[in-house]
**Student:** 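Dropping a structure here in structure tokens format, bear with me for questions.
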Protein chains: 2
Amino acid sequence: MATMHDVARLARVSVSTVSYVLTGTRPISQATRDKVLAAMAELDYQPNAMARGLASRRSRILGLLMPMDERGLGATETAFVTGAAAAASAAGYHLVLSPVGGGDLDDLRRLASQRMLDGVVLMEVQLADERVTVLQEAGVPLVLIGRTGDTSTLSYVDIDFDQTVRDAVAHLVGLGHRRIVYVNHSAATLASGYGPALRTRDAFVAAMTGHGLEPVMIPAEDSAAGGRAALAAAFARAPELTAVLAMNETAIFGILGELTGRGLSVPDDVSVVSMVTSTQVAELATPALTAMTSPGSALGRIAIEALLRHLDGPGDQRHQQLLPCALEIRGSTAAPRRPTLVTSRPSSIDGG
Amino acid sequence: MATMHDVARLARVSVSTVSYVLTGTRPISQATRDKVLAAMAELDYQPNAMARGLASRRSRILGLLMPMDERGLGATETAFVTGAAAAASAAGYHLVLSPVGGGDLDDLRRLASQRMLDGVVLMEVQLADERVTVLQEAGVPLVLIGRTGDTSTLSYVDIDFDQTVRDAVAHLVGLGHRRIVYVNHSAATLASGYGPALRTRDAFVAAMTGHGLEPVMIPAEDSAAGGRAALAAAFARAPELTAVLAMNETAIFGILGELTGRGLSVPDDVSVVSMVTSTQVAELATPALTAMTSPGSALGRIAIEALLRHLDGPGDQRHQQLLPCALEIRGSTAAPRRPTLVTSRPSSIDGG
DNA sequence: CCGCTTCGTCGAAGCGTTTCGACGATCATG
DNA sequence: CATGATCGTCGAAACGCTTCGACGAAGCGG
């Protein structure tokens with residue numbers, strides 16, 4: 001493995017000159033630069049990442065911290081990761097994914113204090129997230145995907161849940177639906193302060209109320225069985241429902257199964273819209289799902305770009321940005337068979 | 001950020017003594033050790049990863065190289081990653097996931113030559129995989145998940161496809177099925193030398209032949225539409241089929257949809273077994289799928305442990321191991337409604 | 001033609017560890 | 001009691017790079 005010394009000797013220049021050629025920190029004449037580059041090529045020189053990191057106090061490694069729980073990465077998260085990796089690579093940085101779970105806060109502290117990461121992007125942020133505190137205390141530049149409760153001081157990129165829900169509801173209302181049920185994540189997830197679940201809940205209430213409609217909401221466990229149970233509960237609460245809006249990507253397959261089981265057809269009897277979903281998953285179902293497609297790879301790219309700006313620029317800038325999901329209409333939504341003409345008279349249904 | 005010097009000064013010992021306490025390379029008296037540990041605790045000392053890496057020529061970072069294509073990580077891959085991360089963490093190593101695609105071979109070469117990774121685990125290996133060559137040339141210790149065509153010189157962990165297919169077929173045959181169709185990955189995937197597709201194909205032929213049955217095989221694109229098309233093709237080729245064995249986790253939802261669309265019930269009219277699947281995905285379907293569950297997290301753990309042995313021990317050892325998937329019986333398999341009693345008379349169906 | 005920048009290059013001092021050789025002190029051995 | 005081992009510790013030399021100060025050469029205005 002050739003070192004900078006070898007390159008310098010072969011090119012008959014000093015080590016520092018080789019370094020300047022590599023980093024561009026100081027001007028180097030074209031003639032010298034050519035000699036050095038030729039020597040590098042001849043020796044197949046690759047700078048040693050550790051030495052470079054030690055001397056420059058910059059590892060050129062960015063961390064993407066994602067809790068890897070049982071349910072795996074969906075296509076959405078994957079798009080996010082690839083978008084981030086591409087952006088990092090374009091800037092000459094490596095992106096490493098660290099599967100730090102919720103439990104290993106000490107692990108995280110250690111990782112952060114070891115000066116191995118120039119900065120991190122934190123995924124799946126909770127409204128109150130200790131990981132954020134740990135990283136801030138360690139002085140690691142930080143960009144969030146998602147938001148904590150208090151967003152004032154941090155940089156983040158997130159999905160514009162408010163806009164997304166509004167668009168989804170508008171699509172259904174535009175088709176003539178009036179009795180729309182929102183299937184969210186589980187009650188436990190809501191209670192744990194999972195931002196997307198809470199924000200979509202509020203957005204759904206706002207959107208429905210804005211149309212003069214009653215917001216009916218049902219929580220569902222993250223499983224097909226949970227989806228089936230949720231649909232049963234939905235019919236119990238709102239027997240006349242004609243449309244389901246589902247946030248829970250896992251439960252949605254149970255919802256579809258249960259609809260079929262009840263002899264109801266999608267979209268003729270009930271329309272279904274899937275929220276924050278990838279194209280791939282939407283097309284797995286039969287019929288393919290009308291869905292709000294999440295801007296996965298754009299989110300990843302933007303997060304990394306913001307992080308890089310943190311590293312270079314002066315400290316105090318923040319980047320806060322929301323991106324909506326795009327409505328992609330497929331086969332699971334249509335006008336209701338018997339449009340409810342009642343628009344504003346509240347029924348016995350109560351919001352939940 | 002406290003350094004080793006600070007710790008040494010506070011504990012009134014030399015830096016090297018601090019280092020020996022940390023690494024255990026040389027014996028240190030209990031009294032000195034206590035002084036040093038106290039000083040570390042007081043200063044909240046964390047060793048600098050870069051400096052340590054430079055001096056010891058060991059980064060204590062292992063790479064998990066996974067091509068991240070459009071279709072995302074399934075629960076299987078995720079289990080794999082978490083198993084690997086846990087094993088690495090237990091040994092005091094960091095595990096970084098590098099989403100190196102197929103295209104960026106130069107990227108890989110750079111990554112390997114930068115001496116940032118002590119060793120790597122390579123996922124999604126093709127029968128002929130250039131990445132293996134690149135890594136070997138760079139002299140990076142290597143363990144594969146999956147196998148190349150020539151396995152003689154490498155360490156690997158892989159699923160025992162032969163055993164898995166045999167078990168799946170035995171389950172169906174035991175229920176009384178005779179006309180079993182195998183839905184594999186796409187023809188293009190087969191042609192590209194994707195090991196699991198090729199190995200399961202051969203194993204299916206062997207298993208069916210062993211039972212005196214005709215092996216019927218259909219390729220399917222990795223999509224729900226691909227699954228539907230494959231099922232149509234299967235019925236065209238084998239009208240009397242009573243069971244489907246599917247390797248293609250994405251296509252299987254299309255298969256189920258198409259069966260329902262044809263008015264056939266699962267498992268009464270047709271039994272379905274999903275190969276190399278996670279419990280989570282198997283339970284998404286209605287009815288829940290009888291599946292061969294992949295030993296994801298065990299694979300990850302074993303791969304990392306083998307890699308660590310490579311790093312410590314003398315170079316020449318190999319670790320080659322196959323793990324079968326476990327049969328988990330759920331609602332998608334049952335005895336055929338009209339068991340075919342013909343056992344060995346070849347029909348017009350041709351394998352392939 | 002002189003002093004002043006600016007340009008291009010060099011040497012050397014780090015960066016924070018590990019690791020090697022050395023060296024008292026302690027201890028069993030003959 | 002002299003003689004090696006063994007144990008515990010130290011100082012210093014790497015590890016391969018970046019970066020700072022310095023300095024000769026070249027270019028410029030006056």
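These numbers were taken from a predicted model, which means no experiment stands behind them. A note on names: the letters A, B, ... follow the listed sequences, proteins ahead of strands, and every chain is numbered from 1.
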**Student:** So, under a plain 3.5 Å distance rule, would you say the side chain of B/Ser16 forms a donor-acceptor pair with the base of D/dG11?
**Tutor:**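 When only heavy-atom distances are counted, B/Ser16 does reach the base of D/dG11 through a donor-acceptor pair under 3.5 Å.
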
**Student:** Distance check: side-chain N/O of A/Thr23 vs OP1/OP2 of D/dT18, anything under 4.0 Å?
**Tutor:**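 For A/Thr23, the contact criterion (side-chain N or O under 4.0 Å from OP1 or OP2 of D/dT18) is not met.
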
**Student:** Can you list, in residue-number order, the parts of residues 51-61 of chain B that come under 4.0 Å of DNA chain D, counting heavy atoms only?
**Tutor:**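 DNA chain D contact set from residues 51-61 of chain B: B/Leu54, B/Ala55, B/Arg57.
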
**Student:** Would you say the side chains of B/Asp129 and B/Thr148 form a donor-acceptor pair under 3.5 Å?
**Tutor:**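 No, no side-chain donor-acceptor contact under 3.5 Å.
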
**Student:** B/Ser19 side chain N/O closer than 4.0 Å to the phosphate oxygens (OP1, OP2) of C/dT18?
**Tutor:**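 Checking B/Ser19 against C/dT18: at least one side-chain N or O falls below 4.0 Å of OP1 or OP2.
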
**Student:** Send over the distance from A/Met116 CE to C/dT17 P, rounded to a whole Å.
**Tutor:**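 Answer to the nearest Å: 14 Å.
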
**Student:** Students often get this wrong, so: under 4.0 angstrom with heavy atoms, is B/Val13 touching a base, only sugar-phosphate, or nothing?
**Tutor:**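 B/Val13: backbone/sugar contact only, no base atoms under 4.0 Å.
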
**Student:** Quickly work out the B/Met1 CE to C/dT17 P distance and round it to whole Å.
**Tutor:**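 Taking CE of B/Met1 and P of C/dT17, I get 11 Å after rounding.
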
**Student:** Does A/Ser29 reach a base, just sugar-phosphate, or nothing at all? Heavy atoms under 4.0 Å.
**Tutor:**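 A/Ser29: backbone/sugar contact only, no base atoms under 4.0 Å.
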
**Student:** B/His5 NE2 to C/dT18 P: how many Å, rounded?
**Tutor:**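 After rounding, the gap between these two atoms is 12 Å.
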
**Student:** Is the shortest side-chain N to carboxylate O distance from A/Arg110 to B/Asp44 below 4.0 Å?
**Tutor:**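 Salt bridge flag = no for B/Asp44 with A/Arg110.
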
**Student:** Choosing from D/dC17, D/dT19, C/dT18, which nucleotide comes nearest the side chain of A/Tyr20?
**Tutor:**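 Shortest atom-to-atom distance from the side chain points to D/dT19.
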
**Student:** Atom CZ of B/Arg9 and atom P of D/dG11: how far apart are they, to the nearest Å?
**Tutor:**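 Answer to the nearest Å: 14 Å.
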
**Student:** Check the pair B/Glu77 / B/Glu124 against side-chain contact (heavy atoms from CB on, under 4.5 Å), numbers first and verdict last.
**Tutor:** CA-CA 10 Å; B/Glu77 286 91 344; B/Glu124 300 279 318; 4.0 Å; yes

**Student:** More than 12 non-hydrogen atoms from neighbouring residues, nucleotides or ligands closer than 6.0 Å to CZ on A/Arg58, yes or no?
**Tutor:**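 Check passes, neighbour count above 12.
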
**Student:** Indicate whether any N or O donor in one side chain lies under 3.5 Å from an N or O acceptor in the other, for A/His310 and A/Ser155.
**Tutor:**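 Checked: A/His310/A/Ser155 side chains pair up, N/O donor to acceptor below 3.5 Å.
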
**Student:** Calculate the interatomic distance between B/Leu22 atom CG and C/dT18 atom P; express it in whole Å.
**Tutor:**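 Going from CG in B/Leu22 over to P in C/dT18 covers 6 Å.
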
**Student:** First locate atom CE of B/Met66, then atom CZ of B/Phe80, and finally report the distance between them rounded to the nearest 0.5 Å.
**Tutor:**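 With rounding to 0.5 Å, CE (B/Met66) is 7.5 Å from CZ (B/Phe80).
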
**Student:** For a quick check of understanding: with a heavy-atom distance under 4.0 Å over all strands, which category does A/Thr3 fall into, base, sugar-phosphate or nothing?
**Tutor:**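 Touches sugar-phosphate only.
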
**Student:** Whole Å only: how far is the CZ atom of A/Arg115 from the P atom of D/dT18?
**Tutor:**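 About 19 Å, once rounded to whole Å.
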
**Student:** Over how many whole Å does the gap from A/Met4 atom CE to D/dC17 atom P extend?
**Tutor:**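 Whole-Å distance recorded here is 6 Å.
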
**Student:** Quick one: A/Arg26 CZ to D/dC23 C1', roughly how many Å, whole number?
**Tutor:**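 These atoms are roughly 12 Å apart.
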
**Student:** Could you check whether any side-chain N or O of B/Glu130 sits under 3.5 Å from a backbone N or O of B/Leu105, counting only pairs where one atom can act as donor and the other as acceptor?
**Tutor:**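 Absent.
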
